[in-house]
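Worksheet: the structure to be examined is printed underneath.
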Amino acid sequence: MTTFKPVTHVLFDMDGLILNTEELYTVAYQNVLNDYGKTYTFELKTKLMGFQSHESAKTIISELNLPLTPEEFNEATKKQFELIFPDTQVMPGAKRLIEHLHKHNVPIALATSSSIESYELKVNKHHQELFSLFQYKTFGSSDAEVQRGKPYPDIFLVSAKRFPDKPQPHQCLVFEDAVNGVKAARAAGMQVVMVPDPRTDKCLTAEATLVLNSLEEFKPELFGLPPFDN
Ligand SMILES: O=c1[nH]cc([C@@H]2O[C@H](COP(=O)(O)O)[C@@H](O)[C@H]2O)c(=O)[nH]1
Ligand SMILES: [Mg+2]
């Protein structure tokens with residue numbers, strides 16, 4: 001079994017990695033775009049995943065020539081999010097992994113590009129207990145210290161600094177679903193486990209340290225972390 005460099009701290013992305021919110025984003029965006037006769041393609045989605053909300057709005061407006069301002073687009077999607085996001089599901093293997101690392105006192109934190117409002121919509125109804133296991137959370141779209149969204153490294157560098165014991169980037173392992181998130185983790189000097197949407201072009205997953213079909217396949221001991229008990 002190939003092993004990688006040992007790590008001591010773990011940073012988790014949220015959308016598409018812990019929660020099934022990527023499929024919900026697709027529905028929400030397509031519902032808005034239907035009013036303009038536009039199609040939300042997976043190719044365009046891949047470009048946006050990991051962006052901060054204002055970056056996403058600007059990009060989708062220019063790519064699809066929408067007659068909207070970013071504020072108007074975000075207003076329209078916000079209505080969709082309020083309907084769709086409260087009933088999110090945890091991705092396979094995510095709960096087991098987060099609980100396992102927490103039980104073994106491995107420092108874990110959340111590093112999502114979402115805003116805190118968007119996080120609360122997605123988590124508050126069903127998943128508060130699971131998310132309470134993180135030492136702390138960084139919300140890229142709501143955090144002054146996160147100057148630039150993924151694929152820039154800002155959110156992961158800021159997150160590493162927020163652990164009390166201040167680990168070096170190489171001591172941190174990132175879990176991501178998005179191409180931009182993998183680029184951000186690599187730019188931060190961190191190893192990254194990618195669990196991509198199955199439609200993701202294989203050549204776009206090449207930068208990841210390890211690519212899995214699901215978190216259920218993850219073996220913590222590969223990165224020097226405590227193995228699962230069973
Ligand atoms: O179909 C989409 N998925 C995701 C995003 C963006 O990606 C962020 C989630 O990124 P992450 O998984 O890194 O938290 C969302 O907040 C949103 O801004 C998007 O615009 N469109
Ligand atoms: Mg994600």
Side-chain angles (χ1 to χ4, degrees), residues 11-33 38-64 66 68 70-71 73-78 80-82 84-85 88-91 94 109-123 127 131 134 137-143 146 148-159 174-188 190 192-200 204-205 208 211-212 214-215:
L11 295 171
F12 282 87
D13 168 51
M14 180 173 74
D15 294 299
L17 191 275
I18 300 176
L19 296 178
N20 72 325
T21 40
E22 281 304 342
E23 59 201 53
L24 304 183
Y25 268 109
T26 302
V27 170
Y29 275 37
Q30 189 55 67
N31 285 348
V32 170
L33 295 178
K38 302 284 184 180
T39 306
Y40 190 44
T41 63
F42 183 70
E43 190 200 359
L44 175 53
K45 181 185 174 68
T46 302
K47 201 180 280 188
L48 299 181
M49 287 166 75
F51 277 13
Q52 295 170 335
S53 39
H54 57 280
E55 296 166 321
S56 294
K58 270 196 329 238
T59 308
I60 199 165
I61 287 165
S62 65
E63 292 278 326
L64 297 179
L66 296 176
L68 293 169
E71 293 71 28
F73 181 80
N74 282 336
E75 256 323 291
T77 51
K78 187 164 174 281
Q80 292 294 324
F81 295 159
E82 282 159 359
I84 297 175
F85 279 159
T88 51
Q89 275 142 28
V90 179
M91 299 297 279
L110 188 74
T112 175
S113 307
S114 288
S115 64
I116 191 154
E117 296 80 13
S118 170
Y119 163 85
E120 285 167 354
L121 260 184
K122 298 161 183 173
V123 171
H127 310 302
F131 282 78
F134 290 112
K137 306 172 180 86
T138 300
F139 304 103
S141 293
S142 316
D143 193 311
V146 181
R148 303 163 302 178
K150 299 170 184 174
Y152 291 99
D154 303 28
I155 189 164
F156 293 125
L157 293 173
V158 166
S159 294
V174 174
F175 283 91
E176 261 287 351
D177 66 305
V179 174
N180 288 324
V182 167
K183 286 185 188 314
R186 298 302 296 138
M190 299 176 180
V192 52
V193 175
M194 185 184 197
V195 186
D197 181 302
R199 290 167 291 180
T200 308
L204 293 177
T205 66
V211 182
L212 303 176
S214 153
L215 286 177

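Just so it is clear, the model here is predicted, and its values are computed rather than measured. Just so you know, ligand 1 is whichever comes first in the structure, and atom 1 is the first atom listed for that ligand.
Here's the thing with Thr26: none of its N/O atoms is less than 3.5 angstrom from an N/O atom of ligand 1.
Taking the Mg ion (ligand 2) as reference, Asp13 places its N/O/S atom OD2 nearest. Distances from the Mg ion (ligand 2) to each N, O or S atom of Asp15 single out O as the nearest.
For residue Glu22, no N/O/S atom approaches the Mg ion (ligand 2) to within less than 2.8 Å. Coordination check, Glu176 versus the Mg ion (ligand 2): failed, since every N/O/S atom of the residue sits at 2.8 Å or beyond.
Residue-level proximity to ligand 1 for Asp15 is carried by backbone and side chain together, each with a heavy atom below 4.0 angstrom. Of the heavy atoms in Lys150, only side-chain atoms (C-beta onward) come closer than 4.0 Å to ligand 1.
Residue Thr112 approaches ligand 1 through these ligand atoms, each under 4.0 Å from one of its heavy atoms: 14 (O).
Residue Asp177 comes nearest to Met194 through the heavy atom pair O-CE, 3.7 Å, listed as atom of the first residue, atom of the second, then distance. Of all non-hydrogen atoms in His127 and Lys122, the two that sit nearest each other are CD2-O, 3.6 Å.
Taking the six-membered ring for Trp, Phe85 and Tyr119 have ring centres at least 6.0 Å apart.
For atom 7 (O) of ligand 1, the choice among Ala28, Gly50, Ser113 with the nearest heavy atom turns out to be Gly50. Residue nearest to atom 6 (C) of ligand 1, selected from Tyr29, Tyr40, Phe51: Phe51 (by heavy-atom distance).
Residue, atom and distance of the protein heavy atom nearest to atom 12 (O) of ligand 1 are Asp13 OD1, 2.6 Å.
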